[in-house]
Amino acid sequence: MSEHPAENIEYPGRTGEMSEQPHDEMRSYQGRGLLQGKKALITGGDSGIGRAVAVAYAKEGADVAIAYLDESDDAAHTKGLVEAEGRRCTTYAGDLADPTHCRQIVGRTVEDLGGLDILVNNVAYQHVVEDFFEITPEQWKRTFDVNIHSFYHVTHAALEHLGEGSAIINTGSINGLRGNKSLIDYSATKGAVIALTYSLAQSLVDRGIRVNCVAPGPVWTPLIPATMPADKVADFGKQVPMGRAAQPDEIAPSYVFFASQTMSSYYSGEVLAPIGGETLPG
């Protein structure tokens, strides 16, 4: 892959504003009915990894609900991709930092789709800083409200509807595994996501609900040019052994794996880290 353009776009970032369009439509992916008849809710499902997961789930036979902030053009495009696969798609705009909204989207998903089998907690916020002292209390709170508190509120509401054989998949990050000096608050939330995954897996095993985490390395999504300085965007992903960032299409199959009882019935409390050839100690 060529070097990314040195660009910035306005947060939260829209796919159409990116100079280099991500591969997030799963065009070459062939489903095999692994999620036939399932109902899935994906937070942050309008673009990037969330979009690719939504389309992959649809190709596997699932109906999909996506929650997003305000990127209605991206959400409409994702909805069209899902519906092109003959599956239903509902979209819910609103701020997932709001606990009431978190609960509402779960209720609307169950009402609109007729149930809930798969929850993907994927929404995220980040803001790059050069020094820890640049992180304001407002930024710290916002990062935690979106990146971990929403996971709690959405999951808490979803558990009223998830039954045996259901799956919860949380989006972590390489930064939650090793930290990042310019994404301190973000890394802290992703570490919390991983610990939440471990703990919920233990808590819910007797109910037959599996809980796993996908913790990617660098992935080319609208969040990157919307939250990083232009020079960092230009070099984004070049530090990994593969020498490039992943495309969302390369990450989404991990979410299919964890959602499918056929593929991962004996997996719970696992962290799958697609990180471009890096190895982690420990």
Side-chain angles (χ1 to χ4, degrees), residues 3-15 17-20 22 43-44 46-50 68-71 74 95-99 102 121-153 170-197 213-240 243-246 248 251 271 273-276 278 280-282:
E3 178 177 286
H4 298 298
E7 64 172 334
N8 291 120
I9 60 178
E10 186 177 349
Y11 181 82
R14 289 163 173 80
T15 305
E17 298 171 349
M18 298 174 72
S19 297
E20 181 185 322
T43 68
D46 58 294
S47 63
I49 293 173
Y68 63 100
L69 183 59
D70 60 7
E71 310 91 326
D74 271 342
D95 191 355
L96 286 156
D98 177 7
C102 290
N121 288 306
N122 174 66
V123 67
Y125 168 81
Q126 69 178 30
H127 183 77
V128 173
V129 297
E130 294 300 322
D131 188 276
F132 176 68
F133 289 102
E134 294 179 26
I135 303 175
T136 63
E138 292 76 20
Q139 177 181 325
W140 184 269
K141 183 177 186 302
R142 177 69 184 175
T143 306
F144 273 77
D145 282 345
V146 175
N147 293 9
I148 185 64
H149 296 162
S150 77
F151 286 33
Y152 161 77
H153 292 296
N170 298 321
T171 298
S173 168
I174 181 62
N175 297 306
L177 292 166
R178 69 175 182 205
N180 186 316
K181 67 180 181 180
S182 62
L183 290 168
I184 296 171
D185 49 341
Y186 176 85
S187 299
T189 63
K190 291 304 184 179
V193 167
I194 291 168
L196 175 66
T197 300
C213 177
V214 181
V219 185
W220 184 239
T221 74
L223 189 66
I224 304 310
T227 61
M228 288 187 169
D231 59 335
K232 289 184 179 293
V233 173
D235 292 333
F236 183 67
K238 293 176 71 174
Q239 77 278 8
V240 306
R244 64 174 180 85
I251 306 300
V271 177
I275 53 179
E278 288 192 63
L280 297 173

G179 versus S187, closest heavy-atom pair with distance: C-OG, 3.9 Å

Straight-line distance of N175 CG to T189 OG1, nearest 0.5 Å: 9.0 Å

Exam field: side chain T43 to backbone N122, donor-acceptor pair closer than 3.5 Å: yes

Stepwise side chain to side chain contact (heavy atoms under 4.5 Å, CB included) test for V146 and L96: CA-CA 6 Å; V146 175; L96 286 156; 5.5 Å; no

Flag, side chain of N170 to backbone of C213, donor-acceptor distance under 3.5 Å: no

For the student: nearest non-hydrogen atoms of G217 and I174, plus distance: CA-CG2, 3.6 Å

Close side-chain approach of C102 and H149, heavy atoms under 4.5 Å: no

Distance (rounded to the nearest 0.5 Å) between L196 CG and I148 CD1: 5.0 Å

Nearest non-hydrogen partners of S173 and I194, listed with the distance: O-CD1, 4.3 Å

Point-to-point distance, once rounded to the nearest 0.5 Å, from CG of D185 to CD1 of I135: 4.5 Å

Atom of Y125, atom of H127 and distance for their closest heavy-atom approach: OH-CB, 3.7 Å

Sub-4.5 Å side-chain heavy-atom contact between P248 and V219: yes

Smallest separation among heavy atoms of V123 and G44, with atom names: CB-N, 3.9 Å

Between OG1 on residue T197 and CZ on residue F151, distance to nearest 0.5 Å: 8.0 Å

Euclidean distance, E134 CD relative to Q139 CD, rounded to 0.5 Å: 8.5 Å

Check: Y186 and N180 side chains under 4.5 Å, non-hydrogen atoms: no

Side chain to side chain contact (heavy atoms under 4.5 Å, CB included) assessment of L69 paired with D95: CA-CA 5 Å; L69 183 59; D95 191 355; 4.0 Å; yes

More than 12 heavy atoms from other groups under 6.0 Å of CZ on F144: yes

Test log, rule side chain to side chain contact (heavy atoms under 4.5 Å, CB included), inputs K190 and L183: CA-CA 10 Å; K190 291 304 184 179; L183 290 168; over 6 Å; no

Parallel, tilted or perpendicular: ring planes of W140 versus F132, cut at 30 and 60 degrees: perpendicular

Interatomic distance, D145 atom CG to T143 atom OG1 [nearest 0.5 angstrom]: 9.0 Å

L177 vs I275, side chain to side chain contact (heavy atoms under 4.5 Å, CB included): CA-CA, chis, key distance, verdict: CA-CA 11 Å; L177 292 166; I275 53 179; 5.8 Å; no

